Structures are given as C-alpha cells and as structure tokens.
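All figures in this text were calculated on a predicted structure; none of them were measured in a lab.
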Amino acid sequence: MIKIEITDEQILQAQKLYNFKALTNSITQGESQIYGALGEVIAMHFLRSINKPVQYVGSYDNDLEINGKKIDVKTIRTDKEPTNDFNLNISAFNTKQETDFYLWCSVSQDMKYGYVIGYLAKDEFYRMAELKKEGEIDRGDWLFKSDTYTTKVKNVKKFN
C-alpha cells in the first residue's frame with residue numbers, strides 16, 4: 001500500500017472534477033463525493049509517478065484509462081490507516097459498470113493523507129468477493145447500507 005501526503009493543489013484539482021450534487025444511488029447522498037474525486041486525483045498522480053500513461057476519463061463506468069484499459073477508482077473515506085482486514089466494497093448496483101479494473105484508494109477524513117491500496121481485474125474481483133446483503137453486520141458494528149460485494153485489502157494486488 002502506498003501512503004501519499006495530499007497537497008492543497010490535489011484538493012483543488014479534485015474540487016474542479018465534479019459539480020458535487022448528490023449522485024444517483026449514492027449511499028452518502030453525495031456527501032463523500034469530494035473524497036472520491038480526491039481518490040481519483042491521487043491515483044492518477046501515483047500512476048503517472050510510476051510512468052503509466054494514464055488519462056482521466058471521469059465517466060460513470062470508469063475514471064481513468066491506461067493503454068485502452070478502463071479503471072474505476074473506488075475510494076474509502078476513513079479515520080484510520082487501512083489494514084489487511086479492511087473491506088474493499090463495490091455496491092451491487094455497480095456490477096454493470098463497463099470497466100476492466102477496480103483500483104481502491106483511501107483518503108483520511110481530514111484529507112491530509114491518501115493511500116493507493118491495490119487493484120483487481122473486474123472479473124477477478126467478482127469471483128472472489130462475498131455478497132453482503134443490506135442490513136448485514138460486519139466487523140462488530142458496521143452495517144451494510146445496500147447489497148455489497150466485498151473482499152479484504154489482503155486479497156488485492158499491490159503496487160511495489
């Protein structure tokens with residue numbers, strides 16, 4: 001997992017990506033959209049830093065593209081550094097997104113740090129993920145707010 005100190009410039013770049021209205025099917029009613037945008041920005045900056053020819057797409061189906069491969073960035077807002085037992089989730093209503101890969105990031109609630117956690121091919125994720133139903137409880141007090149496919153951080157491919 002790659003830890004990144006988030007800059008003011010990256011926050012401004014994230015703020016310019018979207019108009020930040022509530023999204024359709026948003027669990028947080030759009031409240032976390034800035035974190036998602038920031039995840040896209042730090043993912044793009046990181047991938048460019050390792051010489052990947054990444055392009056920003058910003059569509060419903062995917063956020064980034066590298067050599068024709070579509071990448072959807074999934075960002076977790078958190079107050080803790082991610083560990084191997086953290087859940088990496090895809091809401092069940094997102095299964096039809098036209099993407100080749102999911103790339104997970106995490107952004108601290110104060111937006112000071114971000115983490116590029118790892119990635120999986122879409123089909124690989126759904127082969128290994130477990131479907132949790134709306135209302136199920138996970139890790140003590142976490143309640144799934146919608147039907148959600150989930151796996152753990154330890155199961156995804158990491159960047160060196």
Side-chain angles (χ1 to χ4, degrees), residues 1-7 9-28 30 32-78 81-108 111 113-132 144 146-160:
M1 180 169 355
I2 310 297
K3 185 175 183 177
I4 296 169
E5 190 170 332
I6 296 171
T7 66
E9 180 182 303
Q10 289 170 323
I11 293 170
L12 286 172
Q13 188 178 1
Q15 290 170 338
K16 292 177 184 177
L17 289 181
Y18 300 105
N19 62 12
F20 296 102
K21 291 190 259 178
L23 298 172
T24 304
N25 295 322
S26 172
I27 291 171
T28 63
S32 294
Q33 196 174 15
I34 184 64
Y35 295 92
L38 199 47
E40 293 170 21
V41 168
I42 65 171
M44 189 168 44
H45 282 240
F46 169 73
L47 291 167
R48 286 180 179 156
S49 78
I50 60 169
N51 298 315
K52 298 294 182 188
V54 63
Q55 295 179 343
Y56 179 76
V57 177
S59 76
Y60 169 77
D61 288 309
N62 55 77
D63 303 304
L64 309 173
E65 192 172 302
I66 298 175
N67 296 327
K69 296 294 184 186
K70 299 172 185 173
I71 302 165
D72 193 48
V73 178
K74 299 297 184 186
T75 304
I76 305 156
R77 176 181 66 177
T78 185
E81 186 169 324
T83 63
N84 277 332
D85 66 334
F86 268 46
N87 286 343
L88 299 176
N89 301 326
I90 306 289
S91 294
F93 58 76
N94 282 349
T95 59
K96 292 187 169 73
Q97 283 180 290
E98 293 180 23
T99 192
D100 299 306
F101 291 90
Y102 293 117
L103 186 155
W104 286 272
C105 291
S106 177
V107 172
S108 62
M111 292 189 266
Y113 294 98
Y115 301 86
V116 178
I117 296 170
Y119 64 96
L120 282 173
K122 179 183 177 180
D123 59 343
E124 188 176 2
F125 171 77
Y126 287 109
R127 277 195 305 272
M128 77 167 51
E130 183 179 350
L131 177 61
K132 298 287 189 172
F144 284 94
S146 66
D147 291 356
T148 303
Y149 288 91
T150 186
T151 192
K152 302 290 184 191
V153 166
K154 65 184 173 189
N155 297 328
V156 301
K157 296 176 182 170
K158 309 294 189 301
F159 294 96
N160 295 332

- What distance do Ile117 atom CD1 and Lys74 atom NZ have between them, rounded to the nearest 0.5 Å? 13.5 Å
- Item | Thr99 and Asp63, any side-chain heavy atoms less than 4.5 Å apart | no
- Message: Classify the ring geometry of Tyr119 against Phe159: parallel below 30°, tilted from 30° to 60°, perpendicular beyond 60°.
- Response: tilted
- Message: Could you report the tightest heavy-atom contact between Ala43 and Leu64, atom names first, then the distance?
- Response: CB-CD1, 4.2 Å
- Message: Return the NZ to CG distance between Lys152 and Asn87, rounded to the nearest 0.5 Å.
- Response: 3.5 Å
- When rounded to the nearest 0.5 angstrom, what is the spacing between OH in Tyr126 and CG in Leu131? 10.0 Å
- Over all atoms of both residues, closest heavy-atom pair of Pro53 and Asn67: CG-OD1, 3.4 Å
- Task: Kindly indicate whether the side chain of Leu47, heavy atoms from C-beta on, has any atom under 4.5 Å from the side chain of Leu103.
- Result: yes
- Would a 4.5 Å heavy-atom cut-off, applied to side chains only, mark Ile34 and Gln15 as touching? yes
- Find out whether Met128 and Asn155 are in side-chain contact, i.e. whether some heavy atom of one side chain is under 4.5 Å from a heavy atom of the other. yes
- Donor-acceptor contact present, side-chain Lys122 to main-chain Leu120, <3.5 Å: no
- Within the side chain of Ser106, is there an N or O that forms a donor-acceptor pair under 3.5 Å with the backbone of Pro82? no
- Describe, in one word, how the ring planes of Trp104 and Phe125 are oriented to each other, choosing from parallel (under 30°), tilted (30 to 60°) and perpendicular (over 60°). tilted
- For Tyr113, is the NZ or CZ atom of Lys3 found under 6.0 angstrom from the centre of its six-membered ring and inside 45 degrees of the ring axis? yes
- Applying side chain to side chain contact (heavy atoms under 4.5 Å, CB included), run through Tyr102 and Leu88 and close with a yes or a no. CA-CA 10 Å; Tyr102 293 117; Leu88 299 176; over 6 Å; no
- Message: Counting C-beta onward and ignoring hydrogens, is there a side-chain heavy-atom pair between Tyr35 and Met111 closer than 4.5 Å?
- Response: yes
- Query: Looking at side-chain heavy atoms only, is the closest gap between Tyr115 and Ile4 below 4.5 Å?
  - Reply: no
- Note on the structure: So CG of Leu38 and CZ of Arg77: to nearest 0.5 Å the spacing works out to 12.5 Å
- Item | Rounded distance [0.5 Å steps], NZ in Lys132 versus CG in Asp147 | 12.0 Å
- Output all residues satisfying side-chain hydrogen bond (donor to acceptor under 3.5 Å, both in side chains) with Asp61, sequence neighbours left out; order by chain, then residue number. none
- Item | Atom pair CD1 (Ile71) and CZ (Phe101), whose distance is rounded to the nearest 0.5 Å | 7.5 Å
- Using atom types as modelled and distance alone, determine if a side-chain donor or acceptor of Ser91 lies under 3.5 Å from a backbone N or O of Asn94. no
- Is the shortest distance from a Lys or Arg side-chain nitrogen in Lys70 or Asp72 to a carboxylate oxygen in the other one below 4.0 Å? no
- Message: Do Met1 and Val116 make a side-chain contact, defined as non-hydrogen atoms from C-beta onward lying under 4.5 Å apart?
- Response: no
- Query: Of all heavy-atom pairs between Cys105 and Val73, which one has the smallest distance, and what is that distance?
  - Reply: SG-CG1, 4.1 Å
- Task: Please list, chain by chain and in numerical order, all residues satisfying side-chain hydrogen bond (donor to acceptor under 3.5 Å, both in side chains) with Asn89, sequence neighbours excluded.
- Result: Thr150
- Check whether any side-chain heavy atom of Val153 sits under 4.5 Å from a side-chain heavy atom of Lys158, and report yes or no. yes
- Query: Can you name the nearest heavy-atom pair linking Ser146 to Phe93, along with the distance?
  - Reply: OG-CE2, 4.5 Å
